[in-house]
2 protein chains.
Amino acid sequence: MAADVYERVMDLARRRGFVWPTSEPYGAVAGFIDYGPLGAMMKRRIEETWRSFYVVREGFYEIECPTIGQEAIYVASGHVKGFSDKMVQCPHCSEYLRADHVVEGGGRCANAATLDEAALCRELQGLACPACGDIFGPVEVFGFSLMFQTSIGPGSQRTGYLRPETAQGIFTDFSRLLRFYRDKLPFGATQIGKSYRNEISPRQGMIRLREFTQAEAEIFVHPLKKAHPNFARYADYRMPLLAYPQQQAEAPAVEMSMAEAVSSGTVANEYVAYYLALTHEFLCRVGVSPGRLRFRQHLPDERAHYACDCWDAECFSGRFGWVETVGIADRTDYDLRAHAAHSGDAFTVFIQYPEPIRRSETRVVPRMGALGPRFRGQAKAVADAIAATDPTVAADSAGFTIEIDGAPLEIGPDLYDVREVEVEVQGEEVMPHVIEPSYGIDRILYAVLEHSYDEEPVEDGTRTVLRLAPPIAPIQVAVFPLMNRDGLGEVAVSIGDELKAAGVMAEYDDSGAIGRRYRRQDEIGTPFAVTVDYDTLEDGTVTLRDRDSMHQVRIPRASLAETCRMLCAGQAYFAELE
Amino acid sequence: MAADVYERVMDLARRRGFVWPTSEPYGAVAGFIDYGPLGAMMKRRIEETWRSFYVVREGFYEIECPTIGQEAIYVASGHVKGFSDKMVQCPHCSEYLRADHVVEGGGRCANAATLDEAALCRELQGLACPACGDIFGPVEVFGFSLMFQTSIGPGSQRTGYLRPETAQGIFTDFSRLLRFYRDKLPFGATQIGKSYRNEISPRQGMIRLREFTQAEAEIFVHPLKKAHPNFARYADYRMPLLAYPQQQAEAPAVEMSMAEAVSSGTVANEYVAYYLALTHEFLCRVGVSPGRLRFRQHLPDERAHYACDCWDAECFSGRFGWVETVGIADRTDYDLRAHAAHSGDAFTVFIQYPEPIRRSETRVVPRMGALGPRFRGQAKAVADAIAATDPTVAADSAGFTIEIDGAPLEIGPDLYDVREVEVEVQGEEVMPHVIEPSYGIDRILYAVLEHSYDEEPVEDGTRTVLRLAPPIAPIQVAVFPLMNRDGLGEVAVSIGDELKAAGVMAEYDDSGAIGRRYRRQDEIGTPFAVTVDYDTLEDGTVTLRDRDSMHQVRIPRASLAETCRMLCAGQAYFAELE
């Protein structure tokens, strides 16, 4: 059987230095990968593009929190209790397996992740173990925590976890961030970094990693103001949406503008719609094929109970089918409320009213005329303590107890009234809602590799090309001397230096025939190649070759660096030079 | 007592969003910090500058390996056995403490890290516990592993460690890297990422972190070729070197050129000298004060036994004294040899001789005339097995045993000769030596903050300024409308967008008096500020103000973005505009 696209892409990725098995001399460990020189460069370029959207354009500053967090954070977030998969151990080969994957793989149930332990046990019986092939009899299914655990400091008294998502660091910095943004909503913060998920038995290469890179934005908005201030940017942006009614009816996705998506109620609000469109634009920019990209709404039973809307951007893979690469959710105030409850901090924003509001409130009002003679110098302190008493306590009984200088003091009903008072209110404490776009960088990188991979018949066989977008390609311009003699090599080296000084990643290569050098660069996605020949020495021009069209133009060396800079930034196109 | 420089710098850092305590609502954990919006931006700029030296200029591609590694890696590297600190638990308050720090703090011994457990026990007796103040009686000192440990996957059978340095990932990728660099020495690879050290009791803020960022380069060189191919770049670069003889004589550092440093034997070889100079240039570029920077050679008893030379770049801190921020070592073949021994892989490079070398070797030579008749069709296989026999085995005895098709076969001395044969050798397998510059990014960032911090008396009090270099400053240009009316605000916003499009990080601010806005930006190190006023509306010019000189020039809006881009890249200087 011919290698499928995944095998061909990963073979290229290993051979050319994009992705390697980790710590290979000791036997690679499933769920971990190394990015080689080209993969790491490409990954950084994807991250930089993400920053150009979220940090520079949207203005959501990036923060950087530790990957190890103390237990209290993940008790509050619910991960200690709820972040687990249901596991079964094969009684024959002792392999640990994800129960839902085995059930789904056996064709018993399409959505086994929603089943409870008892149901999974029933479904498993009679299925074959995917590791050894033997048939399961009665088995036990139990939860396995997906957080990596460790101990902080000596004495093992302090449990730490490797973070399962970068988001919690942003939530726990909420008060600091609020002050940084001068106490105003909306504001957002982002984080790009490693997250961890101790998968039971990962078997899907780059798609299911135990250590992976997330890029997350947490956008804090007023719960009653979900109109996005810059919605106009994407109001007319059209893209296909696979909302849950279509999924339930097995109908295809519906293309619509974001304005229509919101007005029709398909998408919950302008914030969610705005980041759906931004995500579509971002993914296409980095090289996901628009035809292999869809936005799928979570089904009501799939959505977290607290989320009021949730969508996945899914990329199609020839091996894995539709793969979730980005999640975009309106998480309401779930996270902040949980941290407020567990930490005792407020996690609210004081929102001043445009005008102070007058309203009546029930208050305990001290009778100063009675207090003065009775308490003399202490009358003021007693009056303050009476006024601070909960009106329900005061109303329910014939008197109550206050504390003055640490000593209890009985207050009889003759010393106060409970009555309605008109008060002026300046504003209110509001707990913001959170809009969260969360990107899986490794999966995006894999999707871009697969969608960029092309084999093209040429005269002498097959040309393998990665059609990477110039801003994402690890090497952006290859520089070749026609041959390494008569000073051509030195000129090519100095042209490479000029390109690097202009911020263009250039690579010099003088090894083998020019045709072979082109092929080597095509295979790693280098969009442009410059050749230095004898004419260069005479008239100062070089040949610039475009990877995709294989067309060539001659341009003066003097304008080469700026031309390449524009081409590689996506601000100019090769066809314009022809 | 007035706050020392550390307290003043950290107060600013917390208040303005450079560095925050981590997960504050649950009580910060010692040894972990959060980088706030400005700190994270500054950190990325330092990392990008590092890449411009090592990745772009030196051509050492960056790779990215997981932070979790399997146990075998760290058994081979020696960390499982040797990466520990000596710990004592206070019998009074139960606090765990680093024994050497307590002894040094008690003034008993300057270099307590070199003492063994028994000696530390003796020195501790009679000292006061730094946590509770009670006096130690007889105590026990024991080793505490500094690696964070976890389990990979279910069943707890697979131990994993959080990496104590990024270097091991580069070593274990050696064979892949060698192929990527087409099997030629020298080559190098780099990595920037998190490393972990489970400190016993960290009390020095950003200087002693349990989770920190390293930038490391591992440069693989031929063991006999330690002349750097580009040494000319730094041969005349002069800097003060505190070699170990000066330290032993308590003499000051000696300023010399790198050429002198190598020729005098002060520095072991050109590679080490080259990266000393590069490190000096890099640290000064990002804003370490040259007057508060020194390069100190490890003393013979301080240096790892395998290293043939080792230097620390140390930055002076008003609070902490001289702090190691970079280590530069010639680690010889220690690391590769250890991994070769533990993994069984070769970790060598085949170096072809310019001309094949003829030399005589002792070989076992089968007597074909005797073998043919005796073994017929098997004669060739028997001859091959005889020729493959170790000559020392064959020479020592009267015959030996070979194996043919799995069956043993006795070979008598009549069937072979042991003699000297002339052979042609094409080249040899060489295990490279490793030159390692290793940078602690967090400590560098702290040193830059402290060295940039300035308080300057001005008319109305004190001006606090961070004198950050423009390429490192988180916000590079502040954009102010003189006031937010008559369209000035809109013009300022669109100027900010133009700056961002040119790759310059701009921030808009219209809040408060211009003077206060300048002060806010001075405090976070913003090097330039643009003011939009009524003249802007008339003649299209804006005011550009320099943070350090506080001078202002008027320049046309049309040239502003390019001017700021040049200024912020360090390719132009404000004084040239005046």
Side-chain angles (χ1 to χ4, degrees), chain A residues 17 20 22-26 29 32-37 39-41 43-44 56-57 61-70 72-73 87 96 144 148-155 158 160 162 169 172-173 175-176 180 182 189 194 196 198-201 210-211 339 343-345 500 505 511, chain B residues 17 20 22-26 29 32-37 39-41 43-44 56-57 61-70 72-73 87 96 144 148-155 158 160 162 169 172-173 175-176 180 182 189 194 196 198-201 210-211 339 343-345 500 505 511:
Chain A
W20 292 331
T22 192
S23 57
E24 228 178 346
Y26 300 101
V29 186
F32 296 94
I33 55 168
D34 285 1
Y35 284 100
M41 185 85 80
K43 178 165 179 281
R44 286 203 306 281
V56 179
R57 199 184 78 184
Y61 281 91
E62 187 175 349
I63 66 171
E64 188 181 318
C65 302
T67 56
I68 300 179
Q70 58 179 312
I73 303 167
M87 181 164 74
Y96 291 98
F144 174 70
F148 283 99
Q149 188 179 329
T150 192
S151 298
I152 302 169
R158 190 148 210 173
L162 294 181
T172 53
D173 277 343
S175 304
R176 293 276 185 186
F180 180 83
R182 301 191 199 165
K194 292 292 185 80
Y196 302 81
N198 198 5
E199 295 283 352
I200 292 168
S201 175
R210 284 171 163 151
E211 177 172 340
H339 283 297
S343 71
D345 284 6
K500 286 188 196 173
M505 192 63 201
S511 161
Chain B
W20 291 331
T22 192
S23 56
E24 228 176 345
Y26 299 101
V29 186
F32 297 93
I33 55 168
D34 285 2
Y35 285 99
M41 185 85 80
K43 178 166 180 279
R44 285 202 308 280
V56 179
R57 200 184 76 183
Y61 282 91
E62 187 175 349
I63 66 171
E64 187 180 318
C65 303
T67 57
I68 300 180
Q70 57 179 314
I73 304 166
M87 181 164 75
Y96 291 97
F144 174 70
F148 284 99
Q149 188 179 328
T150 191
S151 298
I152 302 170
R158 190 148 210 174
L162 294 181
T172 53
D173 277 343
S175 303
R176 293 276 185 188
F180 179 82
R182 301 194 201 162
K194 292 291 185 80
Y196 302 81
N198 198 3
E199 295 283 352
I200 292 168
S201 175
R210 285 170 162 152
E211 177 172 342
H339 283 297
S343 71
D345 284 6
K500 286 190 198 173
M505 193 64 202
S511 159

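Chain letters run A, B, ... following the sequence lines, proteins first and then strands; every chain starts at 1.
- Chosen from A:Ile200, A:Ile33, A:Asp173, the residue pairing most often with chain B at heavy-atom distances under 4.5 Å is A:Asp173.
- Contact annotation for A:Thr67: both backbone and side-chain heavy atoms come within less than 4.5 Å of a heavy atom of chain B.
- Of the two parts of B:Phe144, only the side chain, counted from C-beta on, holds a non-hydrogen atom closer than 4.5 Å to a non-hydrogen atom of chain A.
- The two residues B:Val29 and A:Arg158 come nearest to each other via the heavy atoms CG2-NH2, 3.7 Å.
- For the pair B:Asn198 (side chain) and A:Gly153 (backbone), a donor-acceptor distance under 3.5 Å is present.
- Within the model, atoms CD1 of A:Ile63 and CH2 of B:Trp20 stand 6.0 Å from one another, a figure rounded to the nearest 0.5 Å.
- In this structure, the portion of B:Glu199 lying under 4.5 Å from any heavy atom of chain A is its backbone and not its side chain.
- Between the side chains of A:Gln70 and B:Ser23, a donor-acceptor pair is found at a separation under 3.5 Å.
- Only the side chain of B:Phe180 comes within contact range of chain A, with at least one heavy atom under 4.5 Å from a heavy atom of that chain.
- In this structure, B:Thr172 has no side chain to side chain donor-acceptor pair (under 3.5 Å) partners at least two apart in sequence or on a different chain.
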Hey, mind stepping through B:Tyr26 and A:His339 against side chain to side chain contact (heavy atoms under 4.5 Å, CB included) and telling me if it holds? CA-CA 9 Å; B:Tyr26 299 101; A:His339 283 297; 2.7 Å; yes
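- To the nearest 0.5 angstrom, B:Tyr35 atom OH is 11.5 Å from A:Cys65 atom SG.
- Contact of the A:Asp345 side chain with the B:Glu24 side chain is not registered, since no non-hydrogen atoms from C-beta on lie closer than 4.5 Å.
- Ranked by heavy-atom pairs under 4.5 Å with chain A, the first of B:Gly17, B:Gly69, B:Gly169, B:Pro25 is B:Pro25.
- Both the backbone and the side chain of B:Arg176 come within less than 4.5 Å of a heavy atom of chain A.
- Looking at heavy atoms from C-beta onward, A:Asp34 lies in side-chain contact with B:Pro66 at the 4.5 angstrom threshold.
- A:Lys43 has its side chain out of reach of B:Glu62: every pair of non-hydrogen atoms, C-beta onward, lies at least 4.5 Å apart.
- Counting heavy atoms from C-beta on, the side chains of B:Ile68 and A:Arg210 never come closer than 4.5 Å.
- With a 4.5 Å cut-off on non-hydrogen atoms, A:Leu162 touches chain B through its side chain but not through its backbone.
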